[in-house]
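Provided herewith is a single structure, encoded as structure tokens, for subsequent inquiry.
Because the structure is a prediction, the values reported are computed rather than measured. Counting from 1, the numbers follow the sequence of the chain as shown. Side-chain atoms are counted along with the backbone in the values below, which use heavy atoms only and exclude waters and symmetry mates.
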Amino acid sequence: MIIELYKYVTNPASQSAKKLGQLREIIGMEARYKRSRKQWDSHLQNTKSLIEEASLKILNPDEVIILGSGLLLDIPIDFLSRHFNRVILVDVVHLKQVKKHTKKYDNIEFVEHDVTGLSSQLVGPYQKQLKLQARASIPNINDKTSLVVSANLLSQLHLIPVEYAKKELGLNSTEQELLATEITSCHIKLLENLSSQVCLISDYQRFYKDKNNNILDIENVLFDSELPKPYKTWRWEIAPIGEISNQYSMSSKVYAYPDFNNKVLYRPLII
């Protein structure tokens, strides 16, 4: 707890990231990873491998944008730096240790950006008669962008904005679900309509099991949004029993797409 507090105090972050709790969340995620490293390892490796596979299909790998770069736990940063001319890491917060780790690369750029477009609405001069509206966007995207990666981000996008809106703006349960659904669907639509190739990795269903491995509940984490048949799937053991509850564990079924919007220009086959 003392270490986490120290990181919170000493890490630069935007006012909105502090007020909404995004800085606190990414520091907490690092602590959860350290406790559940064994359970997370295969998921993180599967994510890295899928991103590499997506990258290798591209004819002209110029620029790649990573949405939800976070702690780089699931991002093959060495590979990306070698493979692309430019790597843009996008998240609302970039911890100092992440920047230190990537200092050896000369083609990596950090961009602090909220891809939902809600941070400025939530912490700005908000008037309750105005409706919160998700405005999905990607910074720095241009005609040189070869690949956009949404890395284990889609199902997480709504969590902090909805919780903050519930506490500070008094959104009721129906309004919370509508906002969460809008955030999720906006991100999917944005990715579908990009001219560059998209690699999407997201958990799709969440499973809660008791100590005897019996399923207690199955949750659709994308609300009313649907995804096409995945290219690959795997299980992510998010929280073993004792992490969030002594009564149940939590895992997810992950859907993965190296070419979500079918825009890839494949490398020629060498025989």
*Is it true that a side-chain atom of N214 and a backbone atom of D210 form a donor plus acceptor pair closer than 3.5 Å?*
no
*Is there side-chain contact between S36 and E243, with heavy atoms separated by less than 4.5 Å?*
yes
*Please check if the side chain of T145 supplies one atom and the backbone of I141 the other of a donor-acceptor pair under 3.5 Å.*
no
*S245 side chain to I241 main-chain N or O, any donor-acceptor pair under 3.5 Å?*
no
*Would you indicate whether the side-chain heavy atoms of K48 and Q45 approach each other to under 4.5 Å?*
yes
_Looking at every non-hydrogen atom in both residues, tell me the closest pair between S155 and S202 and how far apart they are._
N-OG, 3.9 Å
*Is there a side-chain contact between N142 and E63, using heavy atoms and a 4.5 Å cut-off?*
yes
*Sidechain-backbone polar pair: Q121 side chain, G117 backbone, donor-acceptor under 3.5 Å*: yes
*Of the non-hydrogen atoms in R206 and D203, which two are nearest, and what is the gap between them?*
NH2-OD2, 2.6 Å
*Is there a path from Y33 to I77 through hydrophobic residues (I, L, V, M, F, W, Y) whose side chains come within less than 4.5 Å of each other?*
yes
*Distance-only, no hydrogens or angles: does the D91 side chain make a donor-acceptor pair with backbone N or O of H94 under 3.5 Å?*
no
*Identify the two heavy atoms, one from I75 and one from S69, that lie closest to each other, and give their separation to 0.1 Å.*
CG1-O, 4.0 Å
*Side chain of Y164, backbone of V123: donor and acceptor closer than 3.5 Å?*
no
*Starting at CG of D259, measure out to CD of Q197 and round the result to the nearest 0.5 Å.*
4.5 Å
_Test side chain to side chain contact (heavy atoms under 4.5 Å, CB included) on L191 and N261; report intermediate values, then the result._
CA-CA 7 Å; L191 298 179; N261 58 351; over 6 Å; no
*Hey, what do you get for CG (L23) to CD (Q15), rounding to the nearest 0.5 Å?*
11.0 Å
*Quick one: CD1 on I65 to CD1 on I88, what's the gap to the nearest 0.5 Å?*
4.5 Å
*Return each pair, listed once, that meets ring-ring contact (aromatic ring centres under 6.0 Å, His included) where at least one residue sits in residues 189-210; pairs must be two or more places apart or across chains.*
Y204-Y255, Y208-Y248
*Going through the checks in order, is the side chain to side chain donor-acceptor pair (under 3.5 Å) test met by S146 and D62?*
CA-CA 6 Å; S146 307; D62 194 349; 5.7 Å; no
_Can you confirm whether C199 sits close enough to L147 that some side-chain heavy atom of one is under 4.5 Å from a side-chain heavy atom of the other?_
yes
*Can a salt bridge be assigned to the pair E25 and R32 using a cut-off of 4.0 Å between side-chain N and carboxylate O?*
yes
*Taking all atoms of both residues into account, what is the closest heavy-atom pair of E175 and G170, and its distance?*
OE1-O, 4.2 Å
*asked:* Would you say that more than 12 heavy atoms from the other residues, nucleotides or ligands in this model lie under 6.0 Å from the NZ of K209, or not?
replied: yes
*Run the salt-bridge test on E163 and K167 with the 4.0 Å N-O cut-off and return the result as yes or no.*
yes
*asked:* When you measure from the side chain of E237 to the backbone of W40, do you find a donor-acceptor pair of N or O atoms at a distance under 3.5 Å?
replied: no
*In Å, rounded to the nearest 0.5 Å, how long is the span from CG of L216 to CD of Q247?*
9.5 Å
*Is the shortest heavy-atom distance from the side chain of N46 to the side chain of V254 under 4.5 Å?*
no
*Same hydrophobic cluster for L178 and L118, using side-chain heavy-atom links shorter than 4.5 Å among ILVMFWY?*
no
*Could you tell me whether the side chains of S81 and N107 share a donor-acceptor contact shorter than 3.5 Å?*
yes
*Within residues 186-196 or reaching into it, pairs that qualify as side chain to side chain donor-acceptor pair (under 3.5 Å) - sequence neighbours excluded*: S150-H187
*How about Y257 and I201: do any of their side-chain heavy atoms sit closer than 4.5 Å?*
no
*asked:* Hydrophobic cluster membership, with links at side-chain heavy-atom distances under 4.5 Å among I/L/V/M/F/W/Y: are L171 and L122 in one?
replied: yes
*Main-chain N/O of L44 paired with D74 side-chain donor or acceptor, under 3.5 Å*: no
*Quick one: sort the F79 and H83 rings into parallel, tilted or perpendicular, breaks at 30° and 60°.*
parallel
*A165 and L132: which non-hydrogen atoms are nearest, and at how many Å?*
CB-CD1, 4.0 Å
*Measure the NE2-OG distance between H158 and S185 for me, rounded to the nearest 0.5 Å.*
12.5 Å
*Run the side chain to side chain contact (heavy atoms under 4.5 Å, CB included) check on V148 and V64 step by step: do they pass?*
CA-CA 6 Å; V148 173; V64 58; over 6 Å; no
*asked:* When you group the ILVMFWY residues by side-chain heavy-atom contacts below 4.5 Å and let the links chain together, are F223 and V221 in the same group?
replied: no
*asked:* Do L73 and L159 sit in one hydrophobic cluster, given that two such residues count as connected whenever their side-chain heavy atoms are within less than 4.5 Å of each other, even indirectly?
replied: no
*Look up atom CE in M29 and atom NZ in K34, then write down how far apart they are to the nearest 0.5 Å.*
14.0 Å
_Derivation of the side chain to side chain donor-acceptor pair (under 3.5 Å) call for N140 and E109_ = CA-CA 10 Å; N140 294 50; E109 178 181 344; 3.2 Å; yes
_Determine whether I244 and I238 satisfy the following criterion, side chain to side chain contact (heavy atoms under 4.5 Å, CB included), listing intermediate values before the conclusion._
CA-CA 10 Å; I244 57 175; I238 300 175; over 6 Å; no
*Do I66 and L80 have side chains that get closer than 4.5 Å, going by heavy atoms?*
yes
*For residues K232 and L50, report the shortest heavy-atom separation together with the two atoms involved.*
CD-CD2, 4.1 Å
*Does H43 reach the side chain of W234, with side-chain heavy atoms less than 4.5 Å apart?*
yes
*Under the side chain to side chain contact (heavy atoms under 4.5 Å, CB included) rule, what do K57 and E53 come out as? Steps first, then yes or no, please.*
CA-CA 7 Å; K57 294 178 183 294; E53 183 176 347; 4.0 Å; yes
*Of I138, D114, L67, which meets side chain to side chain contact (heavy atoms under 4.5 Å, CB included) against V90?*
L67
